[in-house]
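This report concerns only the one structure given below.
Treat the numbers as computed from the prediction; the structure is a model and nothing was measured. Indexing begins at 1, ligand by ligand and atom by atom, following the structure's order. Numbers here simply count residues along the sequence, with the first being 1.
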Amino acid sequence: MATKKELIYEGKGKKMWATDDPNLLIAEFKDDLTAFNGVKKAQEAGKGALNNTISTQIFGLLESKGIKTALVEKLSDTEQLVRKCQIVPLEVIVRNVATGSLSKRLGIKEGTNLPFALVEFCYKNDELGDPLINDEHCLILNAVKTEQDIDRIKHMARQINTIMYEFFEQKGLRLVDFKVEFGVDSEGSIILADEISPDSCRFWDIKSGQKLDKDVFRQNLGNVKVAYEEVLRRILS
Ligand code: C5P
């Protein structure tokens, strides 16, 4: 059992703690909600625990389908043990349906089904506002080392999308889009890192169209915790 040591990083949604094992970290899920690059902020008691449980379930599903992830195990309500990896400084976004920044940027009507899953990269940099970049920018910025790494990340992102899309469809939820992050482990393999939760995905109820994700907070659509609880209820159903 790894022992928690010093705080090594605090992000918007999580704190990362060192452990007595140099290869393992503890991720602590926070109750903070942020949107619009930190401009809108709130606290929602219990949100961290919900995201920890939801993300653990989804990573477990993905592992069972052959996706390598950084997750080792859930430790407590708000904590999980993860393998240390070098985070690739990219937000990898996969979209099945147009909405959000895609609709704003390109004028594609909200709710339009895309003809194929669209993979986009944003450069993780708060000062620059996480700008959208292409494959060549990824190489120029040294965000990834080789074109093969880009291909691998795109391939994994699409596999994750296929697995999650089918899973959530069975639960009556449409996986509209999501963001994932990858890391490079000690063996040089690209693995899924960070979290997958309603903070980083869009879920629309297939029957009613109701939004059950962070858009509830972004757009003041109601009680965000109730929405996240509903996502967890569907996952466990
Ligand atoms: O805002 P946008 O339409 O680009 O978001 C696409 C997807 O990526 C959404 O599911 C959103 O929750 C997620 N995302 C995220 N973190 C960001 C930006 C987007 O999790 N910084």
Worksheet entry | From Asp31, Asp32, Asp194, Asp126, residue fulfilling salt bridge (charged side-chain N to carboxylate O under 4.0 Å, His left out) relative to Lys12 | Asp126
Item to complete: Check the pair Tyr228 / Asp213 against side chain to side chain donor-acceptor pair (under 3.5 Å), numbers first and verdict last.
Response: CA-CA 6 Å; Tyr228 287 28; Asp213 54 60; over 6 Å; no
Between the side chains of [X] and [Y], does any donor sit under 3.5 Å from an acceptor?
X: Glu110; Y: Ser103; answer: no
X: Asn52; Y: Glu79; answer: no
X: Glu195; Y: Ser197; answer: yes

Discussion item. Other residues, nucleotides and ligands only: do more than 12 of their heavy atoms fall within 6.0 Å of CD on Glu10?
Written reply: yes
Discussion item. At less than 4.0 angstrom from any atom of ligand 1, which residues have a non-hydrogen atom? List them by chain and residue number.
Written reply: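 Within the 4.0 Å shell of ligand 1, which is judged on heavy atoms, sit Glu91, Ile93, Arg95, Gly100, Ser101, Asp177, Phe178, Lys179, Asp199, Ser200, Cys201, Arg202, Arg218.
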